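A quick note: this is a predicted structure, and the numbers were derived from the prediction, not measured. Basis for what follows: all heavy atoms, side chains included, without hydrogens, waters or symmetry-related copies.
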Amino acid sequence: MLRAMAVGNQGDALVELGRADEALGLFEKAADLTENEFTTPMYLMKAGLIHQQKGDWKNAAKVYRRVAKDYPLTPDGSVAKKNAARAEEKAAQG
């Protein structure tokens, strides 16, 4: 889990530096390094936020659906369900 957090922290630093595209890759990597109910949904949610900020609603919805489906009992699970519905609506609008 510490390895995932180290990679995720690098993503956080890149976001602060305005390098969101690079951060996105690190958040996705961190989420997949060690599947667990703490870091995986947290880094997926961060990836979803970056997709949203870029206007990539289709991929944001995909990430949020994964969190809602795979981690429904985590704090991020209920938020992801709402975010997925919003992102799907935005993706359908174009």
Side-chain angles (χ1 to χ4, degrees):
M1 186 160 46
L2 290 177
R3 188 169 164 215
M5 292 180 74
V7 172
N9 286 340
Q10 290 174 359
D12 287 332
L14 288 172
V15 167
E16 292 297 320
L17 294 171
R19 295 164 50 188
D21 288 335
E22 293 172 71
L24 178 60
L26 288 175
F27 290 145
E28 290 170 345
K29 179 179 178 181
D32 291 332
L33 273 174
T34 307
E35 292 262 339
N36 63 68
E37 292 192 357
F38 176 67
T39 59
T40 303
M42 176 175 63
Y43 291 123
L44 287 172
M45 293 295 286
K46 289 181 181 217
L49 255 166
I50 291 176
H51 284 302
Q52 262 185 235
Q53 291 169 349
K54 293 172 52 176
D56 184 355
W57 295 104
K58 182 179 176 183
N59 281 319
K62 180 180 173 184
V63 170
Y64 292 139
R65 280 193 308 267
R66 178 177 169 198
V67 175
K69 178 181 172 261
D70 295 347
Y71 305 96
L73 302 178
T74 65
D76 289 319
S78 61
V79 174
K81 194 173 185 179
K82 293 174 193 172
N83 287 2
R86 179 173 173 253
E88 288 167 357
E89 182 180 318
K90 293 278 191 177
Q93 292 175 357

Under 3.5 Å, sequence neighbours excluded: what are the donor-acceptor pairs made by side chains of residues 4-11?
{"residue": "Asn9", "atom": "ND2", "partner": "Met5", "partner atom": "O", "Å": "3.2"}

Could you give me the CA-CA distance, side-chain angles and deciding distance for Trp57 and Gln52, then say whether side-chain contact (heavy atoms from CB on, under 4.5 Å) is met?
CA-CA 6 Å; Trp57 295 104; Gln52 262 185 235; 3.1 Å; yes
Partners passing side chain to side chain donor-acceptor pair (under 3.5 Å) against Asn59 (at least two apart in sequence or in another chain):
Asp56
Checking Glu35 now: which residues fulfil side chain to side chain donor-acceptor pair (under 3.5 Å) with it, not counting sequence neighbours?
Arg66, Tyr71
Check: Val79 and Tyr64 side chains under 4.5 Å, non-hydrogen atoms
no
Treat each ILVMFWY residue as a node, draw an edge where side-chain heavy atoms are under 4.5 Å apart, and state whether Leu24 and Leu14 are in one component.
no
Contacts of type side chain to side chain contact (heavy atoms under 4.5 Å, CB included), residue Lys69, not counting sequence neighbours
none
Test log, rule side-chain contact (heavy atoms from CB on, under 4.5 Å), inputs Lys81 and Val67:
CA-CA 8 Å; Lys81 194 173 185 179; Val67 175; over 6 Å; no
List, one per line, each side-chain donor-acceptor pair under 3.5 Å for residues 38-49, sequence neighbours excluded.
{"residue": "Thr39", "atom": "OG1", "partner": "Asn36", "partner atom": "OD1", "Å": "3.2"}
{"residue": "Thr39", "atom": "OG1", "partner": "Asn36", "partner atom": "ND2", "Å": "2.9"}
{"residue": "Thr40", "atom": "OG1", "partner": "Ala31", "partner atom": "O", "Å": "3.2"}
{"residue": "Thr40", "atom": "OG1", "partner": "Thr34", "partner atom": "O", "Å": "3.1"}
{"residue": "Thr40", "atom": "OG1", "partner": "Asn36", "partner atom": "N", "Å": "3.0"}
{"residue": "Thr40", "atom": "OG1", "partner": "Asn36", "partner atom": "O", "Å": "3.2"}
{"residue": "Lys46", "atom": "NZ", "partner": "Asp12", "partner atom": "OD1", "Å": "2.7"}
{"residue": "Lys46", "atom": "NZ", "partner": "Asp12", "partner atom": "OD2", "Å": "3.1"}

Do other residues, nucleotides or ligands put more than 12 heavy atoms under 6.0 Å from the CG atom of Leu17?
yes
Working to the nearest 0.5 Å, report the span between NE2 of His51 and CG of Asn83.
13.0 Å
Using distance only, find each side-chain donor-acceptor pair of residues 85-94 under 3.5 Å and give its atom names and separation, not counting sequence neighbours.
{"residue": "Glu88", "atom": "OE2", "partner": "Arg65", "partner atom": "NH1", "Å": "2.9"}

